[in-house]
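Positions are given from 1, in the same order as the sequence printed here.
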Amino acid sequence: MTRPYHALRHPEFRRLWLSQLVSQVGSQMQAVALHWHIYLLTGSPLALGAVGLTRAVPTALFSLWGGVVADRRDRRLVMLAAQSGMTLVALALAGITLAHRETLLLLYLLNALGAAAGAFDNPSRQALIPRLVPASALPGAMALNLAMFQTALIAGPALAGLVIAGASVSSPAGIPRGPSLGPAGTHAIAMIYGLNALSFMGVLGVLWTLKTSGRVFAPGGVHEPPLAALREGLRFVLTTPIMVWSTGLDFVATFFAGAMSLLPIVADKVLGVGAAGYGALVAAPAVGAFLGSLYTAARPLPHRQGRLLLASVAAYGLATVGFGLSRSYGLTLVALGLTGLADLVSTVIRQTLRQLLTPDRLRGRMTGVNMMFFIGGPQLGEVEAGFVASLFASAVTGVTVSIVLGGAMTLVAVAVVAGATRVIREYVPAPLAAHAEAGPGD
């Protein structure tokens, strides 16, 4: 039996995986720094929630076209261009922060530009992975990618929290609102942005030297017109019931229960743990997800994966309710860890079934369509969470209602999907041999 971690035996996958681990740590450090930066500038839950909107809009606008490009151009070169764009965004963030020129609008704009680059990077990256490993190793490669991402979600926020706390920016209470955060705070946040720019260098180097072709060969040697290609990708996803239901459930769950943007307020007002505690809270879901990814990278998932998918999303909703009600730092960390564990299990199932069911020539478009949901859901969820929280005069009451309501709505969504369709309840993966494609390098 092929163990999931055997995917690391394939050199080009291993090199890309290791370089992306470093890059993802830098990206997660930047995400934490940006949220704390905006909180220091505004102290507003609505402003924090709008961070998600600035990522959701570019994702919605460009992810479909990112999928079309991934299925028409060399996926390796598309990734090189997108990763270079994200590097420039990180450098710009560092520059304006050091120069004391940061404004809320400019931070939003740069965040949106980074998301736009990611909308082209993600479809090409996901579509390239099956080229780097044989079909039998694909589920393991997907699990390892999630393990890499969750590791970054642990290390990145924790490191960012320590850097910010070390600069004595532990609470916004004593810091004047405005474009300048003071020398210590400015330098710490700018350093995090700069480190993220540096972290992209490894990925760019690996992509530049990758021997596996990222080119897509169209039937008959001719690519169909872009609009026709886009329609074909949409048609494939929207006429595959298991993709429609699993993606829809994930979107609803992450939209209502996506409250990570409220963590600066939870850390400061509800728990009183400051920047270092904030970094740990952001990392907590990744700790749970990392533990789950270690298991899924070492052992295959159970055979009846549809029921496991429903159970994991329900557990995500329950843990979110617990997170919202908690007034204990330790209990909050545990609840957040459980949300990460539950989300990891559902993500492994969804990503693997998509890759196995999708022909290589459609993988970029399939990922582009799904990006609108699995990235747009959490980002729009931040807006929803910030809006609900802002309706209450008390910040503590607002974040509590927002988070608990989101978890409850997730449980309702699971019940509706479980009762409405058998395609999820009875889903069992087909034998891998049925999906076999060309091996790495072919």
Side-chain angles (χ1 to χ4, degrees), residues 31 35 45-64 111-112 115 118-119 122 153 237-238 243-263 265-266 282 285 289 309-324 335-336 338-347 349-351 354 367-392 398-421 424:
H35 277 85
L46 200 57
L48 285 169
V51 176
L53 186 63
T54 63
R55 294 194 64 83
V57 171
T59 297
L61 289 176
F62 296 113
S63 60
L64 291 177
N111 193 42
N122 204 11
L153 278 174
V237 173
L238 297 178
M243 287 193 186
V244 173
W245 283 103
S246 61
T247 300
L249 178 60
D250 176 63
F251 177 83
V252 171
T254 54
F255 176 79
F256 284 110
M260 295 298 286
S261 65
L262 298 179
L263 282 181
I265 299 175
V266 173
V282 176
L309 175 63
L310 290 169
S312 63
V313 179
Y316 178 78
L318 282 171
T320 299
V321 172
F323 156 47
L336 286 169
L338 290 175
T339 65
L341 174 61
D343 188 51
L344 181 281
V345 173
S346 70
T347 301
I349 296 171
R350 285 182 287 104
Q351 288 196 359
R354 289 169 187 158
T367 302
V369 173
N370 280 288
M371 271 187 69
M372 294 182 64
F373 299 96
F374 68 74
I375 292 181
Q379 303 301 337
L380 289 174
E382 291 188 6
V383 180
E384 180 269 340
F387 174 73
V388 172
S390 70
L391 296 177
F392 296 82
V399 297
T400 300
V401 172
S402 179
I403 295 168
V404 172
L405 181 62
M409 292 300 295
T410 299
L411 293 173
V412 171
V414 172
V416 170
V417 171
T421 177
I424 293 286

- Message: Within the 4.5 Å heavy-atom criterion, are Ser246 and Leu309 side-chain neighbours or not?
- Response: yes
- Query: Would one find more than 12 heavy atoms of other residues, nucleotides or ligands at under 6.0 Å from atom CZ of Phe387?
  - Reply: no
- Message: Test of understanding: with side-chain hydrogen bond (donor to acceptor under 3.5 Å, both in side chains), list the residues that count as partners of Thr54, not counting sequence neighbours.
- Response: Asn111
- Taking only residues two or more places apart in sequence, or in another chain, which ones meet Ala335 in a side-chain contact (heavy atoms from CB on, under 4.5 Å)? Phe323
- Does Phe251 offer a backbone N or O that forms a donor-acceptor pair with the side chain of Thr254 under 3.5 Å? yes
Distance-only donor-acceptor pairs under 3.5 Å for side chains of residues 398-409, two or more places apart:
unit_1: Thr400; atom_1: OG1; unit_2: Arg327; atom_2: NH2; d: 2.6
unit_1: Thr400; atom_1: OG1; unit_2: Val396; atom_2: O; d: 2.8
unit_1: Ser402; atom_1: OG; unit_2: Ala385; atom_2: O; d: 3.0

- Message: As an exercise, state the distance from OG1 of Thr320 to CG of Asp343, rounded to the nearest 0.5 Å.
- Response: 9.5 Å
- Non-neighbouring partners of Val412 that pass side-chain contact (heavy atoms from CB on, under 4.5 Å), sequence neighbours left out: Val416
- State which residues pass side-chain hydrogen bond (donor to acceptor under 3.5 Å, both in side chains) with Thr347; sequence neighbours excluded, sorted by chain then number. Arg350
- Taken in chain and number order and not counting sequence neighbours, the residues that satisfy side-chain contact (heavy atoms from CB on, under 4.5 Å) with Ala314 are Leu411, Val414
- Note on the structure: Taken to the nearest 0.5 Å, the spacing of Leu341 CG from Leu336 CG works out to 12.5 Å
- Below 4.5 Å, heavy atoms only, C-beta onward: do Val313 and Thr410 meet side chain to side chain? yes
- Task: For Val417, enumerate each residue passing the side-chain contact (heavy atoms from CB on, under 4.5 Å) test, keeping only those at least two apart in sequence or located in another chain.
- Result: Trp245, Leu249, Leu310, Thr421, Ile424
- Message: So which atom in Gly340 and which in Ala289 form the shortest heavy-atom distance, rounded to 0.1 Å?
- Response: O-CB, 3.3 Å
- Query: Rounded to the nearest 0.5 Å, how far does CG of Leu48 lie from OG of Ser390?
  - Reply: 11.0 Å
- Search all heavy atoms of Ala119 against all heavy atoms of Ser63 and return the closest pair with its distance. CB-N, 3.7 Å
